[in-house]
Amino acid sequence: MNQLDTYLEKASSIAISGHIRPDGDCVGSTLAVYNYITENYPEKEVFLPLGEFLEVFDVLKSSGNVDHSYPDKAPFDLFISLDCAAKDRLDKAQKYFEAASYTLCIDHHVSNKGFADENEIQPDASSTCEVLYGLLDPAKVSRDTAMCLYTGIIHDSGVFQYSCTSSHTMEVAGKLMDYDFDFPKLIDDTFHVKTFEQNRIMGKALDDSRLYLDGRVILSTLSAQDLEDYHVQAKHLDGIVSQMRFTEGVLVSVFAYPSDEKTFKVSFRSNGPDVSVPACAFGGGGHVRAAGCSVEGTRDEVVAKILAELEKDL
Ligand SMILES: [Mn+2]
């Protein structure tokens, strides 16, 4: 793929989107492109439809301009897909992709087969924001756009901790730091800070957790009543299963909460074993160290099913 400006210059209307249930990299990369275009090409029509995301990303410029209602629109000249591994993961924004005259896909998911007219997929990159930075003209990147890109990198690399972090990741992050924003505050505000309710429900989940399979598995569940009592929604439960993984001697952490009356949403984190195996056994998927699935049944049935599946591999 050429530099992004090559495609922007030829288009007068541009739509940008990313994957369903957007995370930090998805929000950061889509807002970075939105700001890059509106600041450098003010004459262009730009539209950013995307799913609802956590309030912590409201610190990023133009987060208030994101459309969550997916109205019908005339076909766009250009559609840019970011951080999205497959077309159907665009969710309701897929209709703009289908109608667009030309499409670009910028991503880092290893499973991405390249569903657009032109694709820039770098599976070794920490984040889509790291890939995206290489396609932008640094002279046209503002402080606000740099903050969006930095946010995506820190979220997908776990603040430069996960194995996806490379020396190139650090080089890009270093260049972004030169735009002179308050990076410790950005990391705190978007990555570490939890609401009072989020910390309380995490405390509840940790307090209720139990060890299984000779201490190799730590597991905790919450009920619909718990979510109601603690005034939280499913999107506020991020981080619980990751915290559980930091338990001495544990190989796998498991966290489950009800997504409807007879289904539990289950998340796995691992200190070694491939947890995409049990997740796939239930029709889910993911990565070696982080995976998820949905399991039907009561709380006790779901726990029994998961432990039986984990016992095969551990
Ligand atoms: Mn990503």
Side-chain angles (χ1 to χ4, degrees), residues 1 4 16-36 48-54 56-57 59-60 63 66 79-91 93-94 97 103-116 119-136 141 145-173 176 186-187 190-192 235 238-239 241-242 267-269 275-276 279 284-292:
M1 188 181 290
L4 196 64
I16 308 158
S17 193
H19 66 74
I20 183 171
R21 290 187 295 275
D23 59 7
D25 189 29
C26 184
V27 175
S29 58
T30 52
L31 285 175
V33 172
Y34 183 91
N35 290 326
Y36 188 85
L48 171 42
L50 196 65
E52 299 275 352
F53 46 79
L54 288 173
V56 294
F57 300 119
V59 297
L60 301 177
S63 55
V66 175
F79 183 101
I80 307 172
S81 170
L82 293 138
D83 200 37
C84 188
K87 199 162 63 172
D88 61 331
R89 299 267 300 157
L90 287 168
D91 195 34
Q94 207 181 320
F97 174 91
T103 57
L104 301 178
C105 169
I106 302 168
D107 190 24
H108 71 126
H109 288 94
V110 67
S111 59
N112 194 324
K113 296 192 173 71
F115 56 88
N119 304 277
E120 184 66 36
I121 300 152
Q122 298 177 12
D124 291 333
S126 66
S127 53
T128 296
C129 282
E130 182 183 331
V131 180
L132 176 60
Y133 180 78
L135 299 170
L136 303 179
V141 172
T145 301
M147 283 175 69
C148 296
L149 294 167
Y150 195 83
T151 298
I153 293 174
I154 59 167
H155 275 256
D156 267 19
S157 69
V159 195
F160 311 112
Q161 185 202 342
Y162 307 146
S163 57
C164 64
T165 310
S166 68
S167 59
H168 183 256
T169 312
M170 304 306 263
E171 274 169 36
V172 171
L176 293 172
L186 186 62
I187 295 171
T190 70
F191 192 82
H192 291 300
K235 68 176 179 180
D238 289 355
V241 71
S242 304
S267 306
F268 299 93
R269 292 293 181 277
V275 286
S276 72
H287 311 276
V288 174
R289 299 287 182 105

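In this chain, residues are counted from 1 in sequence order. In each ligand, atom 1 is the first atom listed, and ligand 1 is the first ligand listed.
The line from CZ of Phe57 to CG of Leu50 is 10.5 Å long, rounded to the nearest 0.5 Å. To the nearest 0.5 Å, the span separating CD on Glu171 from CD on Glu130 amounts to 9.5 Å.
Partner of Thr145 under the side-chain contact (heavy atoms from CB on, under 4.5 Å) criterion, chosen from Asn35, Leu132, Leu60: Asn35.
With hydrogens and angles left out, the side-chain atoms of Asp83 and His19 include a donor and acceptor closer than 3.5 Å. When only modelled atom types and interatomic distance are considered, His108 and Asp156 share a side-chain donor-acceptor pair under 3.5 Å.
Remark: side-chain polar atoms of Thr103 are not paired, donor with acceptor, to backbone N or O of Phe79 under 3.5 angstrom.
At a cut-off of 2.8 Å, measuring from the Mn ion (ligand 1), the protein N, O or S atoms that fall short of it are Asp25 OD2, Asp83 OD1, His108 NE2, Asp156 OD2, waters left aside.
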